Amino acid sequence: MNKQMTAAQAVAQLRDGMTIGIGGWGPRRKPMALVREILRSDLKELTVVAYGGADVGMLCAAGKVKKVVFAFVSLDFIPLEPYFRKARQSGSIEVMEIDEGMMLLGLRAASWGIPFIPTEVGLGTDIITQNPDIKVIDSPYDDKEWVAMPALKLDASLIHADKADVRGVCQIAGPDHYMDDWFARAAAKTYVSCDELVETDYFHDPAQARMVHWERSMTTGVIPIAGGAHPTSCSPLYGFDVPHFKAYTASAKDDEGIQGYLNKYLGASEDDYQRNVGGLDAIRAIELPSY
Amino acid sequence: MTAATDYTLAELCIVAASQSFADEGETLGTGIGVIPRLAASLAMKTTNPDLMMTDSEAWMLSEPNPVGKRSADFVPATESWMGFSRIFDNVWSGKRHAMLGPTQIDKFGQSNTSALGGTYDKPKVMMLGARGFPGNSISHPNSFFVPDHNTRVFMDGECDFVSSIGYNPARLPRGHSLDDIDIRLVITNLCVMDFGGPDHQVRLVSLHPGVAVEQVQKNTGYPVFIPDTVPTTEAPTAAQLDIIAALDPHNQRAHQIKGNPPGNRALTEA
């Protein structure tokens, strides 16, 4: 089955009001080209579930978001995401704020078709008091109370991988695939942008196949976009773009806000965008961060 | 071991904070931020060679990585994969001790990393979010590092948003006891504290050289339990300073506490 498509074709399959999971972590390996295609679309009222970075900030600032399910939204080296911060401080979005591990449990529950996973995480904190939808339940096996972390069922997930074949076998060769396998499993449809399209026999080498973290049946669409994670990193191919993130953060203080940023960079296509940020070679030359 | 006389407050804090990890044995030590990370690294190199650490990315190390950019030929001492999803398996096993720096810490030891002021739907200042604090706080021991000890961090009343569980009887989950919660040391630019006072009251453990008890109380928005005798925080040894310097070749520690003051403030003020 050939699942190759364009970013526009993938985004055309999304609908207003959907719950969308976004893979990656903060400023790392986010499917930013797909996020940019949403920014170019009429989509709105989305619920976004993510270990958030500029993906969440941009979608909030562009008025695409009704609700964010998050444990953090951060650019790491710039701790506070400027546009998420604005959205929260203006009260313009609903939120479900949970612990990082609770998000993992919610994705697992959705993946496994169960309504919740019991956990101690969240007890005694405002995660419980501020989320009336998250129930605290009795255990049939002991006398303690437990948080019933509900399944986070996703209508669609967006993920960026290093390599994929057209059948949807996706490889993440960077050191961490984060929770992307669970985002793929928890979603009805999963769209994966990749830096490089490869032939299926690339995975005949077990060392390469070892870095495939979900089955191709979980992949709905494959969208080859070299540099598609920019300005986030795609280790080992390129790091995150520090000057670009600084400019993005600074734009939140300008009168024009996100519109100024989008006018300068977004363009009508990913080709436009990459030209506006200096081209693919410049993206691929960005040094990996040292932690 | 001879105590050094020339050391910075950051170095004093690293050595004091490393005590958190000294008796932990084979557990994952996670220090978020330069001083906590150097504290865990120092413990691994000295008092607790069994400590486990990651590279702050996705690998477990058998030797801590120096902080900051490393030379192209540097080979990290990886011993296993330890991506973020696996971190949670470790967290929930309890075999971890994290040291973090929240924005607020209240008299119950509850902390806030999420939002300040306003209402929850429209906070005055949105911060990071709860991150992993809820899970850390109920799963394993935790310590705090506070580079600027003041009444905004150690504020009167309860945290604006409770990200991590503390010794608050009103929030105690059914079937749990306050003793299930395990907050260890609070290292600040003034002193070391813990929650070992009566009924888990915050308690002064040691004062940094040149700091008075009154200074600690004045900068804490709730009563601090003061034992009859309060020792001075132990000065780093020359050997410890050498190890810290090797672990932090770019001297990032100099930028962690405002003004990078000397460890013994009595010397500068005299």
Side-chain angles (χ1 to χ4, degrees), chain A residues 25 28 51-52 68 70-74 79-81 84-95 97-105 108 119-130 136 138-139 142-147 174-182 235 287 289-291, chain B residues 54-59 65-70 74 81-89 91-92 110-115 118-139 159-166 168 170-176 180-181:
Chain A
W25 181 283
R28 311 182 208 182
Y51 294 93
V68 181
F70 75 104
F72 63 83
V73 180
S74 172
L80 306 180
E81 212 294 337
F84 176 69
R85 194 173 187 186
K86 273 192 168 180
R88 281 288 281 131
Q89 291 173 193
S90 65
S92 66
I93 50 167
E94 296 171 30
V95 292
E97 181 172 357
I98 52 178
D99 168 272
E100 292 167 0
M102 288 173 88
M103 186 174 288
L104 173 58
L105 296 178
R108 281 183 181 161
T119 176
E120 310 188 280
V121 179
L123 289 174
T125 72
D126 279 329
I127 294 299
I128 298 308
T129 51
Q130 295 294 351
V136 175
D138 292 333
S139 162
D142 63 30
D143 296 327
K144 292 181 175 178
E145 57 185 6
W146 296 82
V147 172
D176 201 342
H177 58 283
Y178 310 118
M179 315 302 168
D180 288 11
D181 46 345
W182 298 105
S235 177
E287 198 181 347
S290 300
Y291 292 102
Chain B
T54 73
D55 66 349
S56 306
E57 195 171 13
W59 303 102
N65 272 351
V67 176
K69 197 166 161 52
R70 297 172 285 274
F74 177 81
W81 182 76
M82 198 66 188
F84 287 159
S85 67
R86 187 157 159 184
I87 290 284
F88 295 107
D89 294 328
V91 166
W92 299 328
Q110 300 174 143
S111 77
N112 179 14
T113 54
S114 182
T119 61
Y120 183 67
D121 292 336
K122 195 177 168 179
K124 188 155 178 286
V125 180
M126 181 66 204
M127 303 186 296
L128 287 172
R131 291 223 69 147
F133 278 69
N136 293 349
S137 62
I138 202 154
S139 302
C159 287
D160 293 3
F161 182 95
V162 174
S163 302
S164 66
I165 190 170
N168 182 355
R171 285 180 182 260
L172 187 67
R174 190 164 46 76
H176 285 74
D180 295 343
I181 298 151

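As the structure is a computational prediction, the values presented were derived from the model and not from experiment. Below, chains carry the letters A, B, ... as their sequence lines are ordered, and counting in each starts from 1.
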Please look at Ser85(B) and chain A and tell me whether the side chain, the backbone, both or neither of the residue comes under 4.5 angstrom of a heavy atom of that chain. both
Looking at Ser114(B) and Glu97(A), what are the two nearest heavy atoms and their distance? OG-OE2, 2.5 Å
Counting heavy-atom pairs closer than 4.5 Å to chain A, which one of Gly135(B), Ala170(B), Ser139(B) comes out on top? Gly135(B)
At what distance, to the nearest 0.5 angstrom, does OG of Ser137(B) lie from CD of Glu120(A)? 9.5 Å
How far apart are the C-alpha atoms of Val95(A) and Tyr120(B), what are their side-chain angles, what is the distance that settles it, and do they pass the side-chain contact (heavy atoms from CB on, under 4.5 Å) test? CA-CA 10 Å; Val95(A) 292; Tyr120(B) 183 67; 3.8 Å; yes
Measure the CZ-NZ distance between Arg174(B) and Lys144(A) for me, rounded to the nearest 0.5 Å. 11.5 Å
Should the ring pair His177(A) and Trp81(B) be called parallel, tilted or perpendicular, given that the plane angle runs from 0 to 90° and is split at 30 and 60? parallel
Bottom line for Trp25(A): the part with an atom under 4.5 Å from chain B's heavy atoms is side chain
Residues in side chain to side chain contact (heavy atoms under 4.5 Å, CB included) with Ser90(A), at least two apart? Ser92(A)
Pick whichever of Met102(A), Lys86(A), Glu287(A), Met103(A) has the most heavy-atom pairs under 4.5 Å with chain B. Glu287(A)
Distance, nearest 0.5 Å, that separates CD of Glu145(A) from CG of Leu172(B): 8.5 Å
Could you report the tightest heavy-atom contact between Leu128(B) and Leu80(A), atom names first, then the distance? N-CD2, 3.7 Å
Lys/Arg-Asp/Glu bridge criterion (N-O < 4.0 Å) met for Arg171(B), Asp126(A): yes
Donor-acceptor contact present, side-chain Gln89(A) to main-chain Met126(B), <3.5 Å: yes
For Val125(B), does its backbone N or O pair with a side-chain atom of Arg88(A) as donor and acceptor, under 3.5 Å? no
Can you tell me if Asp142(A) has over 12 outside heavy atoms packed within less than 6.0 Å of its CG? yes
Return yes if some donor-acceptor pair links the side-chain N/O of Arg131(B) with the main-chain N/O of Phe72(A) below 3.5 Å, else return no. no
Exactly one candidate in Ser163(B), Cys159(B), Pro173(B), Pro134(B) meets side chain to side chain contact (heavy atoms under 4.5 Å, CB included) with Thr125(A); the answer is Pro134(B)
Chain A contact via Lys124(B) - side chain, backbone, both or neither, heavy atoms under 4.5 Å: backbone
Sort Val73(A) into side chain, backbone, both or neither according to what part of it lies under 4.5 angstrom from a heavy atom of chain B. backbone
Pick one of side chain, backbone, both or neither for Asp89(B), based on which atoms fall under 4.5 Å of a heavy atom in chain A. side chain
In terms of heavy-atom pairs under 4.5 Å with chain A, which of Gly132(B), Gly83(B), Ala58(B), Ser56(B) leads? Gly132(B)
Should Phe84(B) and Leu104(A) count as side-chain neighbours, where that means a heavy-atom distance under 4.5 Å? no
Going by heavy atoms in the side chains, are Phe88(B) and Leu105(A) under 4.5 Å from each other? no
Arg108(A) meets the salt bridge (charged side-chain N to carboxylate O under 4.0 Å, His left out) criterion, sequence neighbours left out, with none
Is there a side-chain contact between Phe161(B) and Ile127(A) in this structure, where contact means two heavy atoms from C-beta onward sitting under 4.5 Å apart? yes
All heavy atoms of Glu57(B) vs all of Pro175(A), minimum pair found to be OE2-CG, 3.8 Å
